[in-house]
Amino acid sequence: MLWWTKAPSIIAEDLVGVPDALLTALRPGPPAPGTAVAARLARSLSPAEHPVQPPFWLLPQQGLSFRRVLAALHRYHGALLADPVGSGKTFIALAVAAEVNRGSTVCLVPATLVTQWQAVAARLSVSVTLCSHEQVSRGNLPAGTRGLVIIDESHHFRNPQTRRYRHLAPWLVGRPAVLLTATPIVNRVMDLGHQVLLAVRDDALALDGVTSLRTMLRCGKPGPSLGQLVFQSRAGLDSRPRRVQKQSKPQDSECLVAERM
């Protein structure tokens, strides 16, 4: 018997409508109080968190960022951590490296921070290969390395026209990356886009309705789904200055006439 004779046939006349299409995909759980249902819905809107426990040397308030960055790496291949200065982004990134990488982790950091990163990594027993931003600008990127890459002060790679960006972008192809910065946006929203696109595909959020990260950010209107890739603690949100726009209004009819002319 030929294989195609075994396949079921679907006839349009045999199809029937269903009262609620969602019931074909959803499996409701047991009844629960309204507050519990609302809490579950709120949690479903939050970024995904990896179930692994953080290392003992992370502070309790750093565990959430650790789990979210780890989940984003597994799903999207990259993440940007935008917690404020002094919140321990170095420790969180090294915790992620210890969980993800088996060998040495390449860390691209400003030259003034190389010694600091080396000391912290040695104290935590995390193997790292350090490379300064200045070396990246000259095209001197670590050879023979693989796996996760950490980019500290990633806002220095916000301009794709610079030499450091042009050297780094092709070198990062196929490598997962964690970007760290306390100032993800310096002048315009696309600053953030250029950093994120070093690590993830332009269509990384396609399942969230964003067909192109580049297009979304060029419009200057980042959507909520960007929160699946960019993470910031509540302390960071509260400490950032708010953008204020003021529009002057004409005070009399003469101004209106002048504007129309």
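For the single chain, residues carry numbers from 1 onward in sequence order.
Judged as a side chain to side chain contact (heavy atoms under 4.5 Å, CB included), and not counting sequence neighbours, the contacts of Leu64 are Glu49, Arg67, Arg68. Partners of His133 under the ring-ring contact (aromatic ring centres under 6.0 Å, His included) rule, at least two apart in sequence or in another chain, are His156, Phe157. Shown here are the side chain to side chain donor-acceptor pair (under 3.5 Å) partners of Thr129, two or more places apart in sequence or in another chain: Ser104. Residues forming a salt bridge (Lys or Arg N to Asp or Glu O under 4.0 Å) with Asp208 (at least two apart in sequence, or on another chain): none. Every residue was checked against the ring-ring contact (aromatic ring centres under 6.0 Å, His included) condition with His77, not counting sequence neighbours, and none meets it. Considering only residues two or more places apart in sequence or on other chains, Thr162 meets the side chain to side chain donor-acceptor pair (under 3.5 Å) condition with none of them. Shown here are the ring-ring contact (aromatic ring centres under 6.0 Å, His included) partners of His155, two or more places apart in sequence or in another chain: there are none.
Annotation for Leu207: atom CG does not count as buried by contact number, only 12 or fewer foreign heavy atoms lying within 6.0 Å.
Residue pairs meeting the side chain to side chain donor-acceptor pair (under 3.5 Å) criterion with at least one partner in residues 168-178, sequence neighbours excluded, are Thr145-Arg175. Judged as a ring-ring contact (aromatic ring centres under 6.0 Å, His included), not a single pair has a partner in residues 177-197 (not counting sequence neighbours). Listed by first then second residue, pairs satisfying salt bridge (Lys or Arg N to Asp or Glu O under 4.0 Å) with a partner in residues 184-206 read Arg201-Asp203, Asp202-Arg214, not counting sequence neighbours. Among residues at least two apart or in separate chains, there is no salt bridge (Lys or Arg N to Asp or Glu O under 4.0 Å) pair with a member in residues 129-146.
For the pair Arg166 (side chain) and Pro160 (backbone), a donor-acceptor distance under 3.5 Å is absent. The backbone N or O of Ser225 sits nowhere less than 3.5 Å from a side-chain atom of Gln228 that would complete a donor-acceptor pair. Not a single donor-acceptor pair under 3.5 Å links the side chain of Lys89 to the backbone N or O of Leu81.
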In residues 105-125, what donor-acceptor pairs under 3.5 Å come from side-chain atoms, sequence neighbours left out?
| from | atom 1 | to | atom 2 | distance (Å) |
| --- | --- | --- | --- | --- |
| Thr105 | OG1 | Asn101 | ND2 | 2.8 |
| Trp117 | NE1 | Asp152 | OD2 | 2.9 |

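Atoms CG and CZ, from Leu70 and Arg75 in turn, are 14.5 Å apart once rounded to the nearest 0.5 Å. With rounding to the nearest 0.5 angstrom, the CD atom of Gln135 is 11.5 Å from the CZ atom of Arg164.
The only member of Ile92, Ile150, Ile151 that meets side chain to side chain contact (heavy atoms under 4.5 Å, CB included) when paired with Leu180 is Ile150.
Contact annotation: the side chain of Val136 approaches that of Leu141 to within less than 4.5 Å [non-hydrogen atoms, C-beta and beyond]. Between Leu226 and Leu213, some side-chain heavy-atom pair lies under the 4.5 Å cut-off. Side chains of Leu80 and Pro184 form a contact here, defined as non-hydrogen atoms less than 4.5 Å apart.
Leu229 and Leu73 fall into different hydrophobic clusters, where Ile, Leu, Val, Met, Phe, Trp and Tyr are joined by side-chain heavy atoms under 4.5 Å apart, directly or via other members. Linking Ile, Leu, Val, Met, Phe, Trp and Tyr whenever their side-chain heavy atoms come within less than 4.5 Å puts Met190 and Leu198 in one cluster.
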